[in-house]
There are 2 protein chains.
Amino acid sequence: MKQPLSRDLIVTEALAQLTREGLEGMSLRKVAAALETGPASLYAYVDDLQALQALVLDRALAAVDVSGGRRRGWRERVKAVLDSYVRVLLASPGLAQLAMSPIAVGPRALRILETLLGLLEEGGLTQTSAAWAVDLLMLYGTAIGVEQSNGHNPSDPESPSARALSGAPAEEYPRLHAAAEELLAGDGEARFSWAIDVLITGVLQSPAPKWVGKRVVKAKPKPSR
Amino acid sequence: MKQPLSRDLIVTEALAQLTREGLEGMSLRKVAAALETGPASLYAYVDDLQALQALVLDRALAAVDVSGGRRRGWRERVKAVLDSYVRVLLASPGLAQLAMSPIAVGPRALRILETLLGLLEEGGLTQTSAAWAVDLLMLYGTAIGVEQSNGHNPSDPESPSARALSGAPAEEYPRLHAAAEELLAGDGEARFSWAIDVLITGVLQSPAPKWVGKRVVKAKPKPSR
DNA sequence: ACCTGAACACCGTTCAAGT
DNA sequence: ACCTGAACACCGTTCAAGT
């Protein structure tokens with residue numbers, strides 16, 4: 001009666017658990033139990049937990065709408081793609097955390113990068129600027145995803161951040177105290193939109209890195225960061 | 001012979017473990033063992049693991065240099081503060097992940113926000129713009145910290161990201177293929193500095209949110225993000 | 001009242017023993 | 001050859017039983 005095990009089945013069940021119960025709620029043991037087998041059996045199809053997480057992330061990112069809608073300017077399309085990306089991340093709590101790990105280089109992630117790169121080049125950015133900008137935009141989107149799926153919601157006065165800011169003593173943190181209202185204001189939507197504009201505007205105005213189009217000189221091995 | 005337990009001692013040992021072995025390497029049980037007691041004993045001083053993590057983060061953030069050096073422009077000082085912040089995050093693997101959680105609102109974090117807010121207002125930003133910009137800058141610094149302490153190092157050709165980008169088939173990802181070199185180029189230092197410039201430039205040029213200084217109208221309760 | 005050993009309910013991963 | 005039950009080495013947290 002039970003379907004035969006397969007990698008696909010495992011990933012499907014794992015993503016369902018992630019979506020339902022978050023990152024901690026997904027485990028190899030629970031996936032195995034749901035598939036009516038022992039935890040050891042999964043290792044025939046998946047290297048380890050990290051590999052499974054990578055597969056789950058890739059599967060989920062397939063839902064990102066990369067079209068950006070039609071007949072709009074490239075800036076709006078960039079915003080639309082990132083918006084879709086963040087929405088997908090938020091649809092499964094814990095997905096954003098997976099996206100912020102070295103795992104996040106599956107084919108679906110590459111497809112998003114490819115799309116954004118195209119839009120930015122359409123916008124007239126040099127290849128180098130576009131490349132760095134894509135990195136920055138994706139990092140921002142992912143970070144917003146992590147923050148928000150962590151329940152960070154400053155406009156809720158009961159949230160830890162709101163409590164901390166409102167409660168910050170005016171003597172020690174005068175500016176924070178004065179700006180508390182502004183720090184807490186604005187829904188995620190508005191701030192996200194503003195931030196993307198800031199990033200794109202900044203990229204357009206910032207001088208491209210020095211070695212545009214040049215092969216990088218063998219980096220001197222200094223303590224890398 | 002063994003020192004009496006205290007919250008301070010517990011946090012010190014926990015931070016030491018975090019610094020030595022990363023987020024997974026720090027545990028209540030190991031802290032207890034190092035302090036020669038049972039795991040249950042810690043609960044007299046700390047609510048739970050999350051509370052301990054918050055205390056550890058706050059302790060670590062005390063090392064952030066908030067002075068920004070002397071006699072430099074506000075932009076350079078902003079950059080210096082964020083640079084110090086990221087360095088502190090990277091000094092203890094796993095610390096950045098803690099910083100990207102709702103936990104990150106201890107007094108030391110507030111001190112960093114307070115400082116940045118002051119610098120941006122000195123730079124002539126409106127209070128609202130400054131408030132949102134501080135949020136954006138800290139989010140970026142934290143995200144860079146998470147990424148890099150996750151071992152994300154694109155300039156290492158052996159890294160997963162480098163492998164994925166170099167190996168991306170040119171037919172499916174033409175732009176990515178063409179831009180692979182640029183995507184992988186540049187050490188963390190250079191990209192970080194560029195990104196901060198992008199953010200500040202963008203903030204300076206982007207129109208402040210509409211309701212500057214106004215109390216936010218009661219947000220219509222839509223599915224918040 | 002304070003402290004803690006032992007137990008509970010979980011993990012990921014390995015491996016010997018089965019088919 | 002493939003599959004897996006049981007074991008191993010861990011977790012955070014609770015609680016009854018000690019002092």
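By convention in this document, chain letters (A, B, ...) are assigned in the order of the sequence lines, proteins followed by strands, and residues within each chain are numbered from 1. Quick note: numbers below take in every heavy atom, side chains included, and nothing from hydrogens, waters or symmetry partners.
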Y45(B), nearest nucleotide to its side chain (from dC3(C), dG5(C), dA7(C)): dC3(C)
Rounded distance (Å) that lies between atom P of dT14(C) and atom CG of D48(A): 8 Å
Donor-acceptor contact present, side-chain R111(B) to main-chain V64(B), <3.5 Å: yes
L28(A) CG - dT4(D) P separation (whole Å): 15 Å
Under 3.5 Å donor-acceptor, Q148(B) side chain and N153(B) backbone: no
dT4(C) phosphate, OP1 or OP2, under 4.0 Å from S41(B) side-chain N/O: yes
Expected output: side-chain E147(A) to main-chain L139(B) donor-acceptor under 3.5 Å: no
Nucleotide opposite dT19(D) in a Watson-Crick or G-U pair, distances under 3.5 Å: dA1(C)
Salt bridge flag under 4.0 Å for residues D8(A) and R59(A): yes
N or O in side chain of K30(A) less than 4.0 angstrom from dC11(C) OP1/OP2: yes
Closest to side chain of A44(A), choosing from dG12(D), dT13(C), dC3(D): dC3(D)
Nucleotide dG5(C), atom P - distance to CD of E36(B) in whole Å: 12 Å
Y43(B) side chain near dT13(D) phosphate (N/O to OP1/OP2, under 4.0 Å): yes
Closest nucleotide among dT13(C), dA7(C), dC3(D) to the R29(A) side chain: dT13(C)
Spacing between L35(A) atom CG and dC3(D) atom C1', to the nearest angstrom: 14 Å
Minimum-distance nucleotide to A40(B) side chain [options: dC3(D), dT13(C), dT14(D)]: dT14(D)
Counterpart base for dT14(C), defined by Watson-Crick or G-U wobble contacts under 3.5 Å: dA6(D)
Side-chain N or O of T37(A) closer than 4.0 Å to phosphate OP1/OP2 of dC3(D): no
d(CG, L42(B); C1', dT14(D)) in whole Å: 14 Å
Pair E189(A) + R87(A), salt bridge at N-O below 4.0 Å: yes
For atom CG of L5(B) and atom C1' of dT4(C), their distance in whole Å: 11 Å
